[in-house]
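Side-chain atoms are counted along with the backbone in the values below, which use heavy atoms only and exclude waters and symmetry mates. For ligands, and for the atoms within them, numbers begin at 1 and follow the listed sequence.
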Amino acid sequence: MDRLTGKVAIVTGGASGLGKESATLMVQEGARVVITDINSEAGMALAEELGQNAVFVHHDVSKEVEWVKVIADTEKRFGRLDVLVNNAGVVVLADVENTTEEQWRFAHSVGTDGTFYGCKHAIAAMRRAGGGSIINMSSLAGIRGYPAIFAYSASKGAIAAMSKSVAVYCAQQKLRIRCNSIHPGIIRTPLVEAFQKNMREAMGAEELPFDKASQGRPDDVGWMVVYLASDESKHVNGAEMVIDNSASVTEGFVPA
Ligand SMILES: NC(=O)c1ccc[n+]([C@@H]2O[C@H](COP(=O)([O-])OP(=O)(O)OC[C@H]3O[C@@H](n4cnc5c(N)ncnc54)[C@H](O)[C@@H]3O)[C@@H](O)[C@H]2O)c1
């Protein structure tokens, strides 16, 4: 109940799926959480549901100027920033030969650019707070080859590499700021449901090979976020935390 008492966190893309669950569990564990998203309706409803330790701020992570404002607002409201969860992400369904420039830039503007701006501006605020934890949402797609989601995979790979660079930079600078990436397999969220629907339509198939595969629940990722946000993970830095019920270390699909 009090694993995060006293900590102040920002969760981007916090109105839905993994961000929503992470924000909910963080509040449950005693943190004060700024939920940010471009979906104001869902974000405000969640903040209201979570009570006085949660607020919603409209925030497009692809715009650096908005990051400056969100972090300043957080410090003004709660006095500090201890945890940033760079969670917002968008999937583009296209292989390397069929990815348009627009699709490539869209996936990177939210995933890669958003995570870069978040790390950059959170470090300054966490330095003022005396330390912190940056948690970047990558994916199995950032580690393995998934041809149908080329731009998304490239962005998730960039996020994994960025996380290690930030981790080492902060350690060398003695900032007491840690940075880790999380690599979920398939977790049932609105993003995955939309992706599976689009895949079915694209393939003209009733059932997809991975429909019968093991799928996690949002709290499987949310509890990892709580762990990385807490001081329990004080010696975990620059790590790739995989949450996939063994999908990345076996052949084929792990049965549900
Ligand atoms: N669900 C999975 O199986 C899975 C697996 C691996 C990685 N991930 C990653 O986890 C993260 C969350 O995914 P999810 O499944 O909860 O998706 P989701 O679609 O349920 O939630 C994503 C949220 O991000 C918000 N968002 C989109 N663009 C934004 C922007 N420019 N600025 C701010 N917010 C924006 C959306 O409004 C939405 O609320 C993503 O980075 C995704 O790539 C998910």
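Ligand 1 places these atoms under 4.0 Å from at least one heavy atom of D60: 30 (C), 31 (N), 32 (N). Contact atoms of ligand 1 toward L18: 10 (O), 16 (O), 44 (C) (distance under 4.0 Å to a heavy atom of the residue). Taking every non-hydrogen atom of P184 and a distance limit under 4.0 Å, the qualifying atoms of ligand 1 come out as 5 (C), 6 (C), 7 (C). Residue M137 approaches ligand 1 through these ligand atoms, each under 4.0 Å from one of its heavy atoms: 9 (C), 10 (O), 11 (C). Listed by number with element, the atoms of ligand 1 under 4.0 angstrom from any heavy atom of I186 are 3 (O). Atoms of ligand 1 found under 4.0 Å from any heavy atom of V192, numbered from 1 in the order shown, are 1 (N), 2 (C), 3 (O). Residue-ligand proximity, Y152 to ligand 1, at heavy-atom distances under 4.0 Å covers atoms 6 (C), 7 (C), 8 (N), 9 (C), 42 (C), 43 (O). The contact set between ligand 1 and G89, taken as ligand atoms under 4.0 Å from a residue heavy atom, comprises 40 (C), 41 (O).
Within 6.0 Å of CZ in R3 there are more than 12 heavy atoms belonging to other residues, nucleotides or ligands. Applying the 6.0 Å contact sphere to NZ of K20 captures no more than 12 heavy atoms from other residues, nucleotides or ligands. Sparse packing is recorded around CD of E48, with 12 or fewer heavy atoms of other residues, nucleotides or ligands lying under 6.0 Å away.
Between atom OG of residue S233 and atom OH of residue Y227 there is a gap of 5.0 Å, rounded to the nearest 0.5 Å. Note that the OG1 atom of T24 and the CD1 atom of I35 stand 7.0 Å from one another [nearest 0.5 Å]. Between atom CH2 of residue W67 and atom CD1 of residue I10 there is a gap of 6.0 Å, rounded to the nearest 0.5 Å. Note that SG of C170 is 5.0 Å distant from CG of L175, once rounded to the nearest 0.5 Å. Atom CG of N136 sits about 3.5 Å away from atom OG of S163, to the nearest 0.5 Å.
Side-chain atoms of S214 and N245 include a donor-acceptor pair closer than 3.5 Å. R144 and S248 share no side-chain donor-acceptor pair at under 3.5 Å. With no hydrogens or angles considered, a side-chain donor-acceptor pair links H183 and S181 at under 3.5 Å.
Summarising the contacts of atom 36 (C) of ligand 1 with D37, I38, V90, the nearest heavy atom is found in D37.
Distance from atom 3 (O) of ligand 1 to its nearest protein heavy atom, with residue and atom name: I187 N, 2.8 Å. At the shortest separation from atom 24 (O) of ligand 1 among protein heavy atoms lies G13 CA, 3.5 Å. Looking at atom 14 (P) of ligand 1, its nearest protein heavy atom turns out to be T189 OG1, 3.6 Å. Looking only at heavy atoms of the protein, atom 33 (C) of ligand 1 is closest to H59 O, 3.2 Å. When only non-hydrogen protein atoms are considered, atom 20 (O) of ligand 1 lies nearest to S16 OG, 2.6 Å. In this structure, the protein non-hydrogen atom closest to atom 19 (O) of ligand 1 is L191 CB, 3.3 Å.
When non-hydrogen atoms are compared, ligand 1 lies under 4.0 Å from neither the backbone nor the side chain of R188. Contact annotation for S138 and ligand 1: only backbone heavy atoms (N, CA, C, O) come within less than 4.0 Å of the ligand.
Under the side-chain contact (heavy atoms from CB on, under 4.5 Å) test applied with V221, the options M137, M241, E21 reduce to a single match, M137. Applying side-chain contact (heavy atoms from CB on, under 4.5 Å) to H58 and the options I38, T36, D37 leaves one that passes, I38.
When only interatomic distances are considered, the shortest N/O to N/O separation between N87 and ligand 1 falls below 3.5 Å. For the pair V61 and ligand 1, the shortest N or O to N or O distance falls below 3.5 Å. Checked against a 3.5 angstrom limit, the closest N/O atoms of V110 and ligand 1 fall outside it.
Close to ligand 1: G185, with a non-hydrogen atom less than 4.0 angstrom away. Within the 4.0 Å heavy-atom cutoff, H183 does not count among the residues contacting ligand 1. Heavy atoms of A141 stay at 4.0 angstrom or farther from ligand 1. The closest approach between a heavy atom of T12 and any atom of ligand 1 is not below 4.0 Å.
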From CA spacing to verdict: salt bridge (Lys or Arg N to Asp or Glu O under 4.0 Å), R200, D211: CA-CA 10 Å; R200 271 189 206 96; D211 279 348; 3.1 Å; yes
